[in-house]
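Structure in structure tokens, see below.
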Amino acid sequence: MAGGPGADPALLLPNSPCSVEVTAMSADRPAPVRVRIAPSPTGFMHVGTARTAIFDWLAARSTGGQFVLRVEDTDQKRFVEGSIADVIEGLHWLGINPDEGPGIGGSCGPYLQSERLDIYRQHTERLLEAGHAYRCFCPPRPADAQPQDAGGRRAGYDRRCRTLDPSEVAGRLAAAEPFVVRLKMPLTGSFVLQDLLRGDIRFEAAALEDTILIKSDGYPTYHFAVVVDDHLMSISHVMRGEEWIPSSPIQIQLYKALGWPEPIWVHLPLVLNPPDPETGAGRGKMSKRFGDTSLLEYRAKGYLPEAMFNYLALLGWSFSGDQDLFSPSEAQQRFRVEDIKPSAAYWNQDKLDWMNGIYMRRLVPEDLALRLRPFFVDAGIPATEADLRRLVPLVQERIGRLDEAVPLLDFFWSDEVSPAVADLIPRKMDAAGTRALLAAARDALAVLEPWTGTAIEDRLRVMAESLGLKPGQAFQPLRVAVTGRTVAPPLFETLSHLERATVLKRLDAATRLLTAD
RNA sequence: GCCCCCAUCGUCUAGGGGUCCAGGACAUCACCCUUUCAAGGUGCAGACCGGGGUUCAAAUCCCCGUGGGGGCACCA
């Protein structure tokens, strides 16, 4: 952090939000929305997080607001190296770069919560002094050892330290006893969460616990850090998954205790695993068990960021009644936070695949070639950009993902192919007949000029007719002989992109295979 | 167990009291095209969870039920 002592305004004025420049786009547009995506660095970026980020970005961009990245790294034990980079890269891949964040800068930093410990400490002091929070010396209750009553119900913390005598607290503090700081929740009354998408949600205070604000290691819990930071960072809309609804009263109480205005709450619908195809039953939040959940895993599997953005944006929002395909800038034009649907959505892999295919077919061949190359390199195939540019037309409309081009084209770089004899011989034909066909094709192609797709087609069709063979019968053996596969790009163009010598060589090899039989 | 959220075709959704015997998209199925595989074209089928209200009128508003989901840690 640059600057001399006291240079950080957030430290000087820990109670005031940082000043951000906010300019409405125009009078008839909604006020600028300032949002943050707040992932915890405990693994790879989840597609659900990506979807939230897209909504954030759309909300900010459509109103002239800002999109902030803040890393919630308050659990030292769960920190996973590389996960922050994964998030930043994921956002970049989708084309939704944050305006502020770690490594990006901004006037409301630091953007790593682990670097904001002093700030949390100061606000903890305020709460303690005002009697809104208290120190608790009770031993921790691990998640797997929750006390339960006879009915199997969980018993919450009994608040025994809430009424500790000040002198006792001083004594135990002096004895260096470990402690946590807990929030004093009201014992009666109720809370109302005003959610932009769901209306008012009421909670009875009696059912709520005195949540921990500061852990015994001195780090804040999510509930505390999120409130402090959202306020100090001038976040206008807290957009997050609906799994946070039940714990919202804690944060509402915190806003009250700290004397701060609440942000606008927006609880987004969850992304769910696809339902069981047999029973139709739901299977919970999107998880690794039923498909990839890591955003960048989709990149690795050959999905296009354009498709991913489009698909994800459609999970809980719709562009219009009759249009599913749109660009990020088109989405910006129409996006309104309050149009997000509150109900959870099942992941629809088929639709993503379809959409990816659409976006791939829309690319200009040069662009597709560019994107294809890494997949060939990864497969150990020395395909050049020029190679791919030439071959792309053969595969562009028959692949759904970038990686699918590799098995469709790899024979172009093979010395020889190894077809299966059974694949070589078409239905209603025998080995002898197939040999005759291969020989006829060889003779025809050996002297053909020019070596072009249409010339090859014309010649081979004449050949097929003279042998009395249907196209399917005549061409499939040639395809298998030359490509080694039963599924391949269209035959004539494929042949024209191979050296004539290579074609003849492979026809000969196939003939030998049939003879040896 | 307690608390909370949600509810239109299998899925994503449009629709916000009459214009809806509910529109679009994916998937499915059929047909067309066709040298394999695709892509493309055409078409069929397919939904307002149930029950009560409110209203002249309800997919749209209210209540209950049911179903699905989420939460109940010194994790976020």
Side-chain angles (χ1 to χ4, degrees), chain A residues 38-40 42 72-75 77-78 136 138-146 148-154 156-157 178-182 193 195 197-198 201-204 207-209 211-217 219 221-223 225-226 241-248 267 269-270 272 274-275 277 280-285 311 314-325 341-355 357 361 395-400 404 408 457 460-461 464 470-476 478-480 483 485-492:
Chain A
S40 61
T42 53
E72 315 237 313
D73 56 343
T74 55
D75 188 350
K77 295 180 286 294
R78 293 205 309 156
C136 170
C138 297
R141 299 172 297 156
D144 52 0
Q146 287 301 303
Q148 297 190 339
D149 71 11
R153 285 181 294 265
R154 301 196 193 200
Y157 171 64
F179 66 89
V180 298
V181 176
R182 285 185 186 270
L193 169 64
D195 185 272
L197 307 179
R198 299 157 205 271
I201 302 170
R202 183 173 295 272
F203 301 87
E204 292 307 317
L208 273 13
E209 280 192 68
T211 315
I212 292 175
L213 263 22
I214 300 290
K215 301 180 258 186
S216 56
D217 64 1
Y219 276 71
T221 57
Y222 168 84
H223 302 292
V226 78
E242 64 175 307
E243 71 263 32
W244 293 108
I245 292 176
S247 63
S248 295
H267 286 95
L270 257 19
L272 266 26
R283 301 138 132 183
K285 282 202 275 188
Y311 172 73
L314 242 21
L315 250 30
W317 182 71
S318 81
F319 181 80
S320 73
D322 57 6
Q323 187 182 336
D324 278 354
L325 299 168
K341 250 188 70 141
S343 48
Y346 289 107
W347 185 262
N348 186 345
Q349 186 66 38
D350 281 336
K351 188 150 184 175
L352 206 212
D353 287 346
W354 164 78
M355 201 172 270
R361 269 167 255 129
V395 297
Q396 183 153 21
E397 62 180 33
R398 58 198 84 236
I399 54 177
E404 291 170 357
L408 236 32
E457 174 164 10
L460 289 181
R461 283 192 188 281
K470 289 178 179 166
Q473 289 178 301
F475 301 146
Q476 185 65 2
L478 302 183
R479 180 193 326 283
V480 174
T483 68
R485 299 178 184 279
T486 54
V487 173
L491 182 62
F492 313 118

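Note on naming: letters A, B, ... go to the chains in the order of the sequence lines (proteins, then strands), and numbering restarts at 1 for each one. This is a predicted model, so every value here is computed, not measured.
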Check your understanding: Stepwise, does the ring pair (Phe, Tyr, Trp, His ring centres under 6.0 Å) test hold for A/W347 with A/Y311?
Key -> CA-CA 10 Å; A/W347 185 262; A/Y311 172 73; 4.9 Å; yes
Review point. Residues in salt bridge (charged side-chain N to carboxylate O under 4.0 Å, His left out) with A/R361, at least two apart?
Key: none
Point to revise | Mate of B/U19 where both pairing distances stay under 3.5 Å, Watson-Crick or G-U | key: none
Quick test: give all pairs of protein nitrogen or oxygen and nucleotides 44-49 of chain B nitrogen or oxygen below 3.5 Å, distance rounded to 0.1 Å.
none

Study note, to complete from the structure: Taken in chain and number order and not counting sequence neighbours, the residues that satisfy side chain to side chain contact (heavy atoms under 4.5 Å, CB included) with A/S216 are A/V180
Revision key, fill the gap. Across all chains, not counting sequence neighbours, the side chain to side chain contact (heavy atoms under 4.5 Å, CB included) partners of A/F492 are A/I456, A/E457, A/L460, A/R461, A/F475
**Study point:** Base-pairing mate for B/C49 - Watson-Crick or G-U, with both contacts under 3.5 Å
**Key:** B/G65
Check your understanding: With a non-hydrogen cut-off below 4.0 angstrom, is A/W347 in contact with a base, only sugar-phosphate, or nothing?
Key -> nothing
Review point. Base, sugar-phosphate, or nothing: which does A/R485 touch, judged by heavy atoms less than 4.0 Å apart?
Key: nothing
Check your understanding: Hey, does A/S247 reach any base, or is it just sugar-phosphate, or nothing, if we go heavy atoms under 4.0 Å?
Key -> nothing
**Study point:** Whole-Å P distance, B/G24 and B/G67
**Key:** 33 Å
Practice item. Please work out if A/R198 contacts a base, only the sugar-phosphate, or nothing of the nucleic acid, heavy-atom cut-off 4.0 Å. Key: sugar-phosphate
Practice item. Any chance you could list the contact pattern along nucleotides 13-29 of chain B? Use B for base contacts, S for sugar-phosphate-only contacts and - for none, protein heavy atoms under 4.0 Å, 5' to 3'. Key: SS--------BBBSS--
Check your understanding: Paired with B/U35 by Watson-Crick or G-U wobble geometry, both distances under 3.5 Å: which nucleotide is it?
Key -> none
Point to revise | Watson-Crick or G-U wobble mate for B/A14, both contacts under 3.5 Å | key: none
Check your understanding: Does A/E404 reach the main-chain N or O of A/I399 with its side chain, forming a donor-acceptor pair under 3.5 Å?
Key -> no
**Study point:** For A/R283, all residues meeting salt bridge (charged side-chain N to carboxylate O under 4.0 Å, His left out), sequence neighbours excluded
**Key:** none
Practice item. Tell me, please, which residues at least two apart from A/D73 pass salt bridge (charged side-chain N to carboxylate O under 4.0 Å, His left out). Key: none
**Study point:** Per A/E209 side chain, nearest of listed nucleotides B/U35, B/A76, B/A73
**Key:** B/A73
Exercise for review: Taking ring pair (Phe, Tyr, Trp, His ring centres under 6.0 Å) as the test, write out the residues that go with A/F319, two or more places apart.
Suggested key: A/F326
**Study point:** Contacts of A/K351 that satisfy salt bridge (charged side-chain N to carboxylate O under 4.0 Å, His left out) - sequence neighbours left out
**Key:** A/D324
Practice item. Nearest whole angstrom, please: distance from the P of B/A76 to the NE2 of A/H267. Key: 16 Å
